[in-house]
Amino acid sequence: MSARYAPVGWNVSKIVYDLVLLGLIALYVGLFLWIAPMLQRVTAPLDPWSIRMAAYGTCAFLLLTLILCIGPLARLDRRFMPLLYNRRHFGVLTCAVALTHAAYAFDWYFMYSPTDPYVALLSGNTSFGQVQGFPFEVFGIAALLVLTLLAATSHDFWLGFLTPPVWKALHMSLYGAYAAIVLHVAFGALQAARNPLLALTVLAGLTTVTTLHLLAARRQRAADGARALPSNDPAWLIVGPVDAIEEDRGIVVPIAGAESVAIFRHAGRLSAVTNLCAHQNGPLGEGRVIDGCITCPWHGFQYRFEDGQAPAPFTEKLALYRLRIENGQILLDPRPQPPGSAIEPTHVDRARMP
Amino acid sequence: MKRDVFFVGWSPRSALPMIWFLGAMLLVLAGASAGLALALGSAVNDPGGGDFTGDKVVIGVMVTAPYPVIVTDPSPAFPAGHTVLLSGGGKRGVQDQAAPLAGQRVRATGAGVKRGEIDMLLVDTLAAEPGNAPVPAERDLGVWRLSGEICDGKCVLGVMRPGDGPTHKACANVCLTGGVPPVFVATSPVQGTRYMLMGDAKGGRLPDALRDGTGVIRRYDGSVRTLGDVLVFRADVAAAVGR
Ligand code: FES
């Protein structure tokens with residue numbers, strides 16, 4: 001996972017994922033380019049460049065819509081987790097499809113003139129003061145720049161270099177790219193479209209993404225454990241009963257003004273670690289203990305239950321927290337211990353339970 | 001069952017408990033991809049007619065304003081007095097080659113493009129041709145207020161389909177900047193045609209200010225004249241800008 005950087009750490013899941021994705025893209029583009037034109041009701045067929053622009057453009061929009069649905073879907077139903085596993089390859093492929101759309105548009109509309117094509121791209125339409133005929137290209141260019149930046153920094157090298165919080169914040173700009181693409185379509189193709197289907201598709205995509213995010217946020221609020229409460233001892237917070245944690249599972253404990261903590265139970269013991277996975281800051285508390293290791297639900301990074309260290313040859317370390325059990329209640333010291341400092345897991349001492 | 005599933009990417013076996021779910025999801029995605037591709041790919045605007053008509057030889061008199069055209073001699077390909085708009089390769093006009101030949105009998109070769117009654121030649125060669133040809137007299141059809149779209153003549157006559165509308169606006173402007181003759185597509189016909197060559201009020205090249213109007217329907221005042229068998233719409237720039 002992290003011992004060294006390889007261009008892509010392939011495994012069976014990633015290969016299947018990528019093949020399925022490529023198959024779906026090929027199916028969509030193939031039908032759009034070669035079968036759909038036979039169904040068009042037109043005086044003369046559209047030119048091949050315009051059809052390719054529409055095929056790759058709509059494909060990129062649909063792929064991006066799907067990418068943005070994966071996060072909330074996986075929150076709402078764990079059976080969608082496999083979609084999340086290789087989302088970065090999904091993003092890179094989407095960027096490639098969007099670039100193909102842009103390349104056809106650039107070639108068709110801005111080349112072969114006395115004006116330099118890049119100057120033509122930026123100066124061809126400057127009617128910024130009108131809605132009809134607005135230079136919708138600028139939204140497409142903005143989206144493409146973001147998608148390219150995200151694809152270029154998608155590798156784990158950049159994740160390590162930028163640190164997970166910065167990388168994650170940068171990759172949140174995908175939402176900005178989606179908004180820009182919606183505007184690109186709204187001020188471009190939708191201004192020209194005489195058939196409402198494209199408008200309905202964009203609206204449905206936008207509504208689905210928004211609704212799923214709202215539902216997932218509501219589910220998340222309900223699923224988050226209750227906030228830890230102050231105890232008699234100011235250094236410790238009351239988390240709740242020991243029995244609230246199932247064997248080999250974890251809970252997420254939100255801490256006022258600080259990062260959430262994940263508490264796991266395994267083989268009659270409890271261990272508390274930061275809820276942020278060292279990889280991409282995935283929610284560790286939603287993971288499992290597998291083979292004695294806390295396993296992240298996003299990409300399966302593992303950390304030993306005992307000391308929060310990734311097993312060799314990997315090197316990640318999680319910050320641990322001190323725990324105590326009193327009268328069947330878990331008490332947590334919310335100050336993270338330096339990553340790598342060993343804290344003995346706390347034994348669930350049933351004799352002291354009421 | 002659903003509660004217990006936990007997928008770990010490096011262990012494909014962990015997907016087994018949800019294999020039916022994943023299979024169903026794949027079917028839904030494939031069905032949606034196919035359905036959307038066919039629906040979106042077929043629900044296109046009709047770009048109208050217009051297409052290449054093959055290699056052509058055009059002989060007639062060269063008129064260079066507002067844009068270069070040849071008003072033809074009678075020939076097997078064209079009737080007498082037919083106006084053929086001229087454009088260069090790519091997004092270029094042929095003003096430079098046409099200017100020295102203004103008012104002369106010329107012979108041009110190239111690829112033909114036609115939409116409705118309007119012909120254009122994408123010029124390969126252009127040279128003086130022996131013999132005289134009278135410059136056709138223009139007929140003034142009066143002042144008109146017309147709604148319509150300023151298009152680049154090359155694309156809208158069929159080189160691109162669609163070659164009009166807002167998505168084509170920047171391309172139309174690049175073509176017009178390069179010297180391709182603009183064609184005004186009126187929303188309702190004038191003397192039986194919706195396609196007119198366009199120029200400014202004085203019969204010169206379309207001014208840059210009118211390029212906000214490419215790709216969208218707007219209203220313009222101006223005079224309409226004949227040039228051979230095409231109409232020329234001389235738009236009043238001052239009145240049109242800002243509409
Ligand atoms: S965020 Fe990637 S494995 Fe945890």
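We use all heavy atoms of the structure for the numbers below, so side chains are in, but hydrogens, waters and symmetry mates are not. The chains referred to below are lettered A, B, ... by the order of the sequence lines, with proteins before strands, and numbering in each begins at 1.
Neither the backbone nor the side chain of A/I51 comes within contact range of chain B; no heavy atoms are under 4.5 Å apart. Using a 4.5 Å cut-off between heavy atoms, B/V180 does not touch chain A at all. Residue contact with chain B, scored on non-hydrogen atoms closer than 4.5 Å, is absent for A/A54. Contact of A/F110 with chain B is made through backbone and side chain together, with heavy-atom distances under 4.5 Å. At a 4.5 Å heavy-atom cutoff, A/W49 makes no contact with chain B through either its backbone or its side chain. Neither the backbone nor the side chain of A/C59 comes within contact range of chain B; no heavy atom of the residue lies under 4.5 Å from a heavy atom of that chain. Contact of A/T58 with chain B is made through the side chain alone, with heavy-atom distances under 4.5 Å. In this structure, the portion of A/E137 lying under 4.5 Å from any heavy atom of chain B is its side chain and not its backbone. Of the atoms belonging to B/L176, not a single heavy atom falls under 4.5 Å from chain A. Within the 4.5 angstrom heavy-atom criterion, no atom of A/M38 approaches chain B. If you measure heavy-atom distances from A/P45 to chain B, the contacts under 4.5 Å come from both the backbone and the side chain. Heavy-atom distances place no part of A/L33 under 4.5 Å from chain B, backbone and side chain included.
Side-chain contact, A/Q130 with B/R218: a donor N or O sits under 3.5 Å from an acceptor N or O. A donor-acceptor pair shorter than 3.5 Å cannot be found between the side chains of A/Y109 and A/N125. When only modelled atom types and interatomic distance are considered, B/T109 and B/D124 share no side-chain donor-acceptor pair under 3.5 Å.
Ranked by heavy-atom pairs shorter than 4.5 Å toward chain A, the options B/G90, B/G165, B/P47, B/G178 are led by B/P47. When the candidates B/P162, B/G163, B/S33, B/A34 are compared by the number of heavy-atom contacts under 4.5 Å with chain A, B/S33 comes out ahead. For chain A, the option among B/D51, B/V159, B/I217, B/V44 with the highest count of heavy-atom pairs below 4.5 Å is B/V44.
A tilted orientation is assigned to the rings of A/F106 and A/Y118, their planes being inclined by 30° to 60°. Between A/H89 and A/W10, the ring planes lie perpendicular to each other; the angle is over 60°, past the 30° to 60° tilted range.
Checked against a 6.0 Å centroid threshold, the rings of A/F187 and A/F139 count as neighbours.
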